[in-house]
*Asks:* 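Attaching a single structure in structure tokens format; questions to follow.
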Amino acid sequence: MAKNKTPDLMSKLVALCKRRGIVFQSSEIYGGVGSTFDYGPPGVEMKNNIARLWWQDMTFRHENIVGLDSAVILHPRVWETSGHVKKFHEEFIECRNCKKRFKSEDLFSIAKESFIRYIDAHLHKKPIQPKDMIITGEFLNRYINELDNELSQHPGELSDSFIDNIVNTFVDTIVRNLKHVTCPNCNETGFLTDPRNFQLMFKSNIGVVEDESNLIFFRPETAQGMYVDYRIVQESSRLKVPFGIAQIGKAFRIEITPGNFIFRTREFEQMEMQFFVRPGETSEWLQYWKEQRWNWYLSMGASPDKLRWAQHPQDKLPHYAREAWDVEYEFPFGWSELEGVHDRGEYDLKAHQEASGKDMTYFDDEQKARYIPHIVETSAGLNRTMLMLLCDAYREDVQAGESRVYLALDPKVAPVKAAIFPLVKKDGLAEIARAVADDLRGRWPVFYDAQGSIGRRYRRQDEIGTPYAFTIDYQTKDDGTVTVRWRDTLEQERIGKDRIGDFLIEKFGRL
RNA sequence: GCGAGAGUAACUCAGCGGUAGAGUAUCACGUUGCCAACGUGAAGGUCGCGGGUUCAAAUCCCGUCUCUCGCUCCA
């Protein structure tokens, strides 16, 4: 991921979001909490719009996709079974010199490979690479002596079990003597820390007495709720494979490195859909959903040239996935993930079946076969999608010598759909404008404003991306028409004030 | 956790030993006939927090907290 390509746009956007109350630091009066954000009046409208559009796209448009709202707090065993307790509780070793951070197991496997190359070089009298001297000489000599001893007692090739044994002992030595280990990144010795635990799930206790027996976790993904409920949802809604369960909800992760505004936060909101399919059909469905999801981003006005697919290489797959694709957007801070479309196979349901002892199979009437459905998931970040749309919509231009900032948001996601202004407050124009606004209110979020000059009022709406402004002027009193002013082009047109509702329906439909 | 930077009005910042300032924004009244107009007025700050030096600290010293960025964690 490229860093700070245009720090400018991000900081301008963050400032705009705060200034207009779209998104801002949470609990700011107490100095804020690291990487938590609150969504102000325009922000929550926009976020709700995105969530609603996703929900409509999933549950309204697909007969075989149903909604669910499962709890944030699930049984702790759900997270043991899903692999999150293990996977989200990892040991890291850091180099104090070069600041590189290694997962313990990664560092140990690097050390192991170096050592294997080292003894290979020794045995075959090849030159030893300094890089492979991963621990100080006195430790290595110990093993070399042991090797040489073994060779003198049993001339010829060393047995595999002897090699395995010595390698495993070596790894144990590394674990206990990190002070003598050389950092594989900067090649300096003596700077590695002891392994430290990084707990990545939020923990709490249920019940008034705090002890280990009532430990619970906040969900780090919404998906597991859909898996554990899959039978009851399928049976109660009489669904047949293939079918999907959709859910929007908060998830929590103690990220090591949150940042980039609302891109990575510890509390965030996911829009996930788990699609249950016949074994062997995951590839086709993966293709289908990739296409669907791509089109969804385009339908909200995202720039196609700033979107791309990125496939996870086999060795970097999440622990649950067999094949994983990400929709990425070119943010000001680089290409970053918006959504993952994953083939999770039977991993989750099978694990839950084994751990819970409950039957997770499905009887397929058509095929006369019983199986554990396989899962293709689409997992999108709501906050990230909103950030993407804000970045994509941010514009600056110059109008009559004055600079202007506006958000060219698609009307579907814009927080306020229309602004209603009287040209001036006097001569009864304000009363007419109020009546127009009151008529529209309730059908769409509209904003009435009579404060300041007309130009200032247009600019204020431009900043939050309001697509249309309707101005009541003196001509309105004569013929009942008002001015429609377009946000992006500043063009104006006159329409009858009774036609404003029809105009809005025509532009983006009812909500 | 480690490294770097930053904390003065809602925002951007000036002040850098002598009792807190500007511009913008906000609000009120007037004015204003379509793109950040003008006039008058108002409101808004324990200068992140604690301690020290000093007759006197936003300013110097020490400590501390918070935020931002980086260290691949992922939606």
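Here is how names work: the chains are called A, B, and so on, in the same order as the sequence lines, proteins then strands, and each is numbered from 1.
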*Asks:* State whether A:Arg456 places a side-chain N or O below 4.0 Å from either non-bridging phosphate oxygen (OP1 or OP2) of B:U26.
*Replies:*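 Checking A:Arg456 against B:U26: at least one side-chain N or O falls below 4.0 Å of OP1 or OP2.
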*Asks:* Is there a Watson-Crick or G-U wobble partner for B:C2 with both distances under 3.5 Å, and if so, which one is it?
*Replies:*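 Because both required distances fall under 3.5 Å, B:C2 counts as paired with B:G70.
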*Asks:* As a test of reading the structure: which of B:G33, B:C35, B:A75 is closest to the side chain of A:Leu490, going by heavy atoms?
*Replies:*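 For the A:Leu490 side chain, the nearest candidate turns out to be B:C35.
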*Asks:* Pairing check on B:G44: which nucleotide meets the Watson-Crick or G-U wobble criteria with it, both distances under 3.5 Å?
*Replies:*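 Its partner: none found.
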*Asks:* Closer than 4.0 Å, any side-chain N/O of A:Gln25 to the OP1 or OP2 of B:C67?
*Replies:*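 No.
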*Asks:* So, is A:Ser453 near the phosphate of B:A37, with a side-chain N or O under 4.0 Å from OP1 or OP2?
*Replies:*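 For B:A37, OP1 or OP2 has a side-chain N or O of A:Ser453 closer than 4.0 Å.
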*Asks:* Is A:Gln492 touching bases, backbone alone, or none of the nucleic acid, heavy atoms closer than 4.0 Å?
*Replies:*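 A:Gln492: base contact, heavy atoms under 4.0 Å.
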*Asks:* Consider only side-chain N and O atoms of A:Trp325 and A:Glu323, and report whether a donor and an acceptor are under 3.5 Å apart.
*Replies:*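 Judged by distance alone, the side chains do pair up.
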*Asks:* For a quick test of reading the model: is some side-chain N or O of A:Lys18 closer than 4.0 Å to OP1 or OP2 of B:A10?
*Replies:*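 So the side-chain polar atoms of A:Lys18 never come under 4.0 Å of the phosphate oxygens OP1 or OP2 of B:A10.
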*Asks:* For A:Thr385, which of A:Glu339, A:Lys47, A:Met271 qualifies under side-chain contact (heavy atoms from CB on, under 4.5 Å)?
*Replies:*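 Of all the options given, the one that passes is A:Met271.
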*Asks:* Does the side chain of A:Arg459 get closer than 4.0 angstrom to OP1 or OP2 of B:A25 through an N or O atom?
*Replies:*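 A:Arg459 to B:A25 OP1/OP2: no side-chain N or O under 4.0 Å.
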*Asks:* Using whole Å, report how far CZ of A:Arg487 lies from C1' of B:C35.
*Replies:*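 Answer to the nearest Å: 16 Å.
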*Asks:* Determine the Euclidean distance between corresponding P atoms of B:C16 and B:C69; express it in Å to zero decimal places.
*Replies:*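 My reading of the P atoms in B:C69 and B:C16 gives 31 Å.
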*Asks:* Could you tell me how far apart A:Glu272 (CD) and B:C74 (P) are, to the nearest whole angstrom?
*Replies:*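 Rounding to the nearest Å, CD of A:Glu272 and P of B:C74 are 15 Å apart.
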*Asks:* Can you check whether any acceptor in the base of B:C73 is under 3.5 Å from a donor in the side chain of A:Arg264, or vice versa?
*Replies:*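 Present.
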*Asks:* When you measure from the side-chain N and O atoms of A:Gln270 to the phosphate of B:C74, is any distance below 4.0 Å, counting only OP1 and OP2?
*Replies:*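 No.
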*Asks:* Looking only at the side chain of A:Arg485 (C-beta and beyond, no hydrogens), which of the listed nucleotides B:C35, B:A75, B:C34 gets closest?
*Replies:*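 Nearest to the side chain of A:Arg485 among the choices is B:C35.
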*Asks:* From the set B:C35, B:C74, B:C34, return the single nucleotide nearest to any side-chain atom of A:Arg384.
*Replies:*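 Taking heavy atoms from C-beta onward, the closest nucleotide is B:C74.
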*Asks:* Does A:Thr265 or A:Val424 map to a spot on RNA chain B nearer the 5' end, using the closest nucleotide for each?
*Replies:*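 It is A:Val424, whose closest nucleotide lies nearer the 5' terminus.
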*Asks:* Can you list the steps and then say if A:Phe252 with A:Phe217 is a ring-ring contact (aromatic ring centres under 6.0 Å, His included)?
*Replies:* CA-CA 9 Å; A:Phe252 302 82; A:Phe217 299 102; over 10 Å; no
*Asks:* Looking at B:A75, B:U26, B:C35, which one has an atom nearest to any side-chain atom of A:Ser379?
*Replies:*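 Looking only at heavy atoms from C-beta outward on A:Ser379, the closest nucleotide is B:A75.
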*Asks:* After noting the C-alpha distance and the side-chain angles of A:Phe470 and A:Phe421, does the key distance pass the ring-ring contact (aromatic ring centres under 6.0 Å, His included) rule?
*Replies:* CA-CA 6 Å; A:Phe470 299 93; A:Phe421 305 144; 9.7 Å; no
*Asks:* Which one, B:G70, B:A75, B:A36, comes nearest to the side chain of A:Phe268?
*Replies:*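 So the nucleotide nearest the side chain must be B:A75.
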*Asks:* Please tell me whether A:Arg293 and A:Tyr288 have a donor and an acceptor in their side chains that are separated by less than 3.5 angstrom.
*Replies:*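 Looking only at side-chain atoms, A:Tyr288 and A:Arg293 do not form any donor-acceptor pair under 3.5 Å.
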*Asks:* Using OP1 and OP2 only, check whether a side-chain N or O of A:Lys425 sits under 4.0 Å from B:U32.
*Replies:*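 For A:Lys425, the contact criterion (side-chain N or O under 4.0 Å from OP1 or OP2 of B:U32) is not met.
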*Asks:* Taking only the C1' atom of each, what is the distance from B:G39 to B:G45 in whole angstrom?
*Replies:*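 My reading of the C1' atoms in B:G39 and B:G45 gives 27 Å.
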*Asks:* Going by purine N1 to pyrimidine N3 plus the second Watson-Crick contact, or the G-U wobble pair, all under 3.5 Å, which nucleotide sits opposite B:U24?
*Replies:*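 WC or wobble partner is B:A10.
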*Asks:* Kindly point out which of B:A75, B:U26, B:C69 is positioned nearest to the side chain of A:Asn260?
*Replies:*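 Comparing B:A75, B:U26, B:C69 against the side chain of A:Asn260, the answer is B:C69.
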*Asks:* Taking the six-membered ring of A:Trp79 as reference, does the cationic atom of A:Arg219 (NZ for Lys, CZ for Arg) lie under 6.0 Å from its centre and within 45° of its axis?
*Replies:*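 The answer is no, since A:Arg219 fails at least one limit relative to A:Trp79.
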*Asks:* Considering Watson-Crick and G-U wobble pairs with both distances under 3.5 Å, what does B:C38 pair with?
*Replies:*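 Base-paired to B:G30.
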